[in-house]
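What follows is a single structure, written as structure tokens, with notes after it.
Residue numbers begin at 1 in each chain, while the letters A, B, ... track the order of the sequences. In this text the structure is predicted, and so the values were computed from the model without any measurement.
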Amino acid sequence: MIKKELSLIIDEAIKKVIRNCGVKDIKAPQYNVEVPPGNIGADYATNAAMVLAPVLKKSPFLIAEEITAEVSGNKEFFKAVEFVKPGFINFHINENVFYNEVARILKEGEDYGRQDMGKKKKVMIEFVSANPTGPFHVGHGRGAALGDSLANIMKALNYNVVKEYYVNDMGNQIDLLADSLLCVYDNKDVPPGGYEGNYLKEICKNNKDFIRDNRSNREVIRKFVVDEMLERYATKDLVDFGLFFDNWFYESSLYKENKAGKNEADVALDKLRANKHVYEMDGALWFRSTGFADDKDRVVIRKDGTRTYLASDIAYHHNKFERGFETVINIWGADHHGYIDRVKGAISGLGYDSEKLKILLYQLVNLTREGKPVVMSKRKADYVTLRQVIDEVGSDACRFFYLMRNANTPLDFDLELAKKQSQENPVYYVQYAYARICSIFREAKKMGIKFTLKGNLNLLKEPEELTIIKKLSSYPDLLLYCCKTLEPHHLTGYMQDLVGVFHSYYMKHRVLGDDRELTESRLMLASALQTVVRNSLKMLGISTPEEM
RNA sequence: GCGCCCAUAGUUCAGUUGGAUAGAACGUCAGGUUGCGGACCUGAAGGUCGUCAGUUCGAAUCUGACUGGGCGUGCCA
């Protein structure tokens with residue numbers, strides 16, 4: 001928020017400087033406002049003068065001087081403004097501005113950080129969407145953590161977010177799953193490439209009569225096994241991960257016929273056909289994706305008349321845009337990256353703006369145990385599942401670890417580290433700080449100190465206190481940044497920093513002291529800190545234990 | 001072959017879109033507690049940002065060429 005106010009002040013100054021130059025029709029270029037390196041000692045800095053220099057055809061140093069002159073009259077906001085060598089302008093903000101921000105945190109509480117960036121725009125985030133042919137693996141967990149925290153962040157920024165899971169309940173894989181189920185039921189070997197996990201045995205055991213009575217009806221068996229798998233794994237595992245989808249979208253619903261005998265898949269294909277983006281060749285129907293930067297055209301209807309996966313995806317994305325989403329975010333494992341061009345191509349071919357589809361790819365997750373890789377063999381069905389990881393390390397640690405790294409770099413997930421209850425483990429480091437703050441309030445209560453919001457924040461003069469306050473103040477900016485980049489992982493880094501300065505502070509200064517007035521002020525600071533830690537962890541879907 | 005991603009301290013990684021002396025954590029070494037939770041804190045050592053060229057006031061960041069790694073390249077899903 002402080003950064004936003006500062007930006008407005010700089011904007012005003014720039015306008016005046018441009019006007020004074022007598023140049024007309026000049027748009028102020030994008031400039032940065034950021035926290036400069038520690039050795040500079042300023043609260044914020046801007047490169048505005050330097051990016052303005054080529055536009056105004058003037059030396060950056062002179063422009064910096066003019067901006068500084070415009071701005072430095074504002075004694076309410078600035079303690080000092082200075083400009084230095086290449087043309088940076090450094091701002092020293094008045095302490096009162098920071099104290100006001102603390103007051104704001106205390107006032108807004110769990111709403112602190114909320115901003116109207118989205119203006120209620122409709123956004124869909126589709127993620128996980130794993131085939132219901134087996135348990136989730138650790139990669140799905142990464143997608144789940146990413147999508148859910150991104151949704152939380154965007155909701156806080158006033159986007160109207162829908163979280164959706166696309167259920168592939170059709171096609172070869174599902175046929176194979178149904179066949180495998182019947183083989184397991186008959187105690188026969190599953191067909192080549194089939195599924196032999198224990199989960200099928202369990203489903204058979206619990207549903208003997210149903211399978212016996214319906215085994216000849218393939219349609220029924222297919223639907224049955226998909227529902228069983230979703231029930232057994234998807235819903236249950238995701239609930240334990242604290243993740244709830246707003247909508248489960250079934251692929252098969254794209255093929256339900258309306259009164260005119262058409263289904264959504266046909267409608268979408270007709271649209272492509274009308275736009276001349278499909279053609280027939282070798283008895284198959286092709287989508288001319290080479291017209292949209294794909295390197296090869298793609299089959300949508302095979303020569304045997306069946307549809308490819310792409311046919312459904314075209315219809316599904318058509319459906320998404322028909323539902324009026326202004327932004328559609330898909331979260332995919334990086335192994336699907338080859339698929340991006342054709343889906344984007346299809347969206348363009350259907351007449352929509354493919355820029356509105358944002359695809360967030362995440363790289364592989366490697367499980368390790370004390371540095372050594374955990375062997376995962378999918379075929380034998382003894383690989384480590386998301387369920388096993390949640391059971392072993394807990395949902396909180398699991399989510400934090402997933403969100404510690406940028407999505408586009410492979411993630412090493414160390415199970416032993418995630419379980420450790422020590423400073424090596426960043427989750428505990430953060431949650432411990434929260435518990436510690438809670439403990440201060442418990443102690444205060446015991447001592448009969450009543451917490452009030454009426455304390456005098458001006459008493460928070462220690463450098464560590466100001467460091468904490470500045471860090472707290474940057475939380476709203478951080479949310480904007482995470483949203484803009486679609487990168488929630490910045491939050492985990494922020495939390496470690498924030499909590500780190502608190503631990504130092506705690507070591508050096510007492511919150512509950514003899515000075516009653518000072519104690520009140522420090523309790524207010526502790527409360528603000530508690531709020532921001534809680535809000536941040538909430539964005540990540542991580543709990544805030546008051547005791548550990 | 002072509003396409004996408006990656007390469008930063010011993011290790012795992014940040015790095016706010018081109019800014020000032022490149023930051024953390026872990027590990028290593030040296031310290032710290034009559035007190036609100038030591039599951040914590042303080043300090044030190046540790047770097048040719050894979051290599052080479054280019055773009056400009058200024059590059060870890062942008063461009064090109066290499067080197068090394070991951071993934072993809074189905075009328076599979």
Pairwise C1' distance, rA60(B) and rU73(B) [rounded to whole Å]
31 Å
Measuring only the C1' atom in each nucleotide, how far is rA22(B) from rG58(B)? A whole number of Å is fine.
15 Å
Provide the distance between the two C1' atoms, one in rC36(B) and one in rG43(B), to the nearest whole Å.
25 Å
Aro-ring/base stack Phe88(A)-rG19(B), d under 5.5 Å, angle under 30°
no
Near RNA chain B, under 4.0 Å by heavy atom, which residues of residues 520-531 of chain A?
none
Partner nucleotide, any strand, of rC52(B) [Watson-Crick/G-U, under 3.5 Å]:
rG64(B)
rC62(B) and rU16(B): how far apart are their P atoms, nearest whole angstrom?
10 Å
Can the ring centroids of Phe249(A) and Tyr165(A) be said to lie less than 6.0 angstrom from one another?
no
Across the strands shown, which category fits Ser504(A) at heavy-atom distances under 4.0 angstrom: base, sugar-phosphate, nothing?
sugar-phosphate
Distance-only donor-acceptor hits, side chain of residues 398-408 of chain A, under 3.5 Å, sequence neighbours excluded:
from	atom 1	to	atom 2	distance (Å)
Arg399(A)	NE	Phe241(A)	O	3.0
Arg399(A)	NH1	Asp148(A)	OD2	3.1
Arg399(A)	NH1	Leu540(A)	O	3.2
Arg399(A)	NH2	Asp148(A)	OD2	2.8
Arg399(A)	NH2	Phe241(A)	O	2.7
Arg399(A)	NH2	Gly242(A)	O	3.4
Tyr402(A)	OH	Val138(A)	O	2.7
Asn406(A)	OD1	Asn408(A)	N	3.1

For nucleotides 59-63 of chain B, which of its nitrogen or oxygen atoms have a protein nitrogen or oxygen under 3.5 Å away, and what is each distance?
none

With sequence neighbours excluded, residues passing ring-ring contact (aromatic ring centres under 6.0 Å, His included) with Tyr434(A)
none
Taking atom C1' in both rG50(B) and rA30(B), compute the distance separating them and give it to the nearest angstrom.
34 Å
Can you figure out which of rA20(B), rG38(B), rC75(B) approaches the side chain of Ile40(A) most closely?
rA20(B)
Could you identify the nucleotide paired to rA44(B), looking across every strand shown and requiring Watson-Crick or G-U wobble geometry with both distances under 3.5 Å?
rU28(B)
Output yes when at least one side-chain N/O atom of His503(A) is less than 4.0 Å from OP1 or OP2 of rA39(B), else no.
no
So Val300(A), base contact, sugar-phosphate only, or nothing? Heavy-atom distance under 4.0 Å.
nothing
OP1 or OP2 of rU17(B) sitting under 4.0 Å from any side-chain N/O of Asn32(A)?
yes
Sugar-phosphate only, base, or nothing, as touched by Ala45(A) at under 4.0 Å among non-hydrogen atoms:
base
Counting C-beta onward and ignoring hydrogens, is there a side-chain heavy-atom pair between Ser289(A) and Asp341(A) closer than 4.5 Å?
no
Taking only the side-chain nitrogens and oxygens of Arg302(A), find out if one of them lies under 4.0 Å from OP1 or OP2 of rA77(B).
yes
Looking at Arg436(A), I'd like to know whether one of its side-chain N or O atoms comes within less than 4.0 Å of OP1 or OP2 on rG38(B).
yes
Quantified in whole Å, what is the C1' atom distance between nucleotide rG15(B) and nucleotide rA25(B)?
14 Å
By side chain to side chain donor-acceptor pair (under 3.5 Å) - contacts of Arg436(A) (at least two apart):
His503(A)
Integer angstrom distance from the C1' of rU61(B) to that of rG37(B):
43 Å
Partner of rG23(B) by Watson-Crick or G-U wobble geometry, both contacts under 3.5 Å, or none?
rC13(B)
Pairs satisfying salt bridge (charged side-chain N to carboxylate O under 4.0 Å, His left out), at least one member in residues 304-315 of chain A, at least two apart:
Asp266(A)-Arg307(A)
Any donor-acceptor N/O pair, Asp282(A) side chain to Ala284(A) backbone, under 3.5 Å:
no
Nucleotide of rC13(B), rC36(B), rA39(B) approaching Arg510(A) most closely (side-chain heavy atoms)
rC36(B)
Glu462(A): which residues meet the side chain to side chain donor-acceptor pair (under 3.5 Å) condition with it, sequence neighbours left out?
none
Set out, line by line, the N/O atom pairs under 3.5 Å between protein and nucleotides 23-30 of chain B.
from	atom 1	to	atom 2	distance (Å)
rC26(B)	OP1	Gln423(A)	OE1	3.1

More 5' along RNA chain B: Phe441(A) or Asn406(A), using each one's nearest nucleotide?
Asn406(A)
Of the options rA14(B), rA39(B), rG19(B), whose atoms approach the side-chain atoms of Arg405(A) most closely?
rA14(B)
Interatomic distance, Thr46(A) atom OG1 to Asn90(A) atom CG [nearest 0.5 angstrom]:
10.0 Å
Can you name the residues that form a ring-ring contact (aromatic ring centres under 6.0 Å, His included) with His277(A), not counting sequence neighbours?
Phe292(A)
Between Val33(A) and Leu411(A), name the one whose nearest nucleotide on RNA chain B is closer to the 5' end.
Leu411(A)
Syn/anti state for rU17(B) [syn: chi within 90° of 0]:
syn
Starting at NZ of Lys508(A) and ending at C1' of rC36(B), how long is that distance when rounded to a whole Å?
18 Å
Rounded to the Å, how far apart are Met404(A) CE and rA14(B) C1'?
12 Å
Which label fits Tyr166(A) and Tyr316(A): parallel for a plane angle under 30°, tilted from 30 to 60°, or perpendicular past 60°?
parallel
Asp175(A) and Arg222(A) ion-paired at < 4.0 Å
yes
When the aromatic ring centroids of Phe61(A) and Phe83(A) are compared, is their separation below 6.0 Å?
yes
Output all residues satisfying side chain to side chain donor-acceptor pair (under 3.5 Å) with Asn319(A), sequence neighbours left out; order by chain, then residue number.
Glu264(A), Arg323(A)
For the side chain of Asp175(A) and the base of rA77(B), is some donor closer than 3.5 Å to an acceptor across the two?
no
Considering only the P atoms, how many Å lie between rA7(B) and rU51(B), rounded to the nearest integer?
13 Å
Stacking between Tyr309(A) and rC76(B), defined as ring centres under 5.5 angstrom apart with planes under 30°, is that present or not?
no
Tell me the closest heavy-atom pair linking Asp515(A) and Glu517(A), and the distance in Å.
OD1-N, 3.0 Å
Which one is paired to rG3(B), where only Watson-Crick or G-U wobble pairs with both distances under 3.5 angstrom count?
rC71(B)
Given rC41(B), is OP1 or OP2 found less than 4.0 Å from the side-chain N or O atoms of His509(A)?
no
Quick test of your reading: applying salt bridge (charged side-chain N to carboxylate O under 4.0 Å, His left out), list the pairs with at least one residue in residues 56-65 of chain A, sequence neighbours left out, ordered by first then second residue.
Lys58(A)-Glu66(A)
Is rG18(B) paired to anything, Watson-Crick or G-U wobble with both distances less than 3.5 Å, and if yes, which nucleotide?
none
Which of parallel (below 30°), tilted (30 to 60°) and perpendicular (above 60°) describes Trp332(A) and His336(A)?
tilted
What pairs of nitrogen or oxygen atoms, one from the protein and one from nucleotides 2-5 of chain B, lie under 3.5 Å apart?
from	atom 1	to	atom 2	distance (Å)
rG3(B)	N2	His337(A)	NE2	2.5
rC5(B)	O2'	Gln363(A)	NE2	3.2
rC5(B)	O2'	Asn408(A)	O	2.9

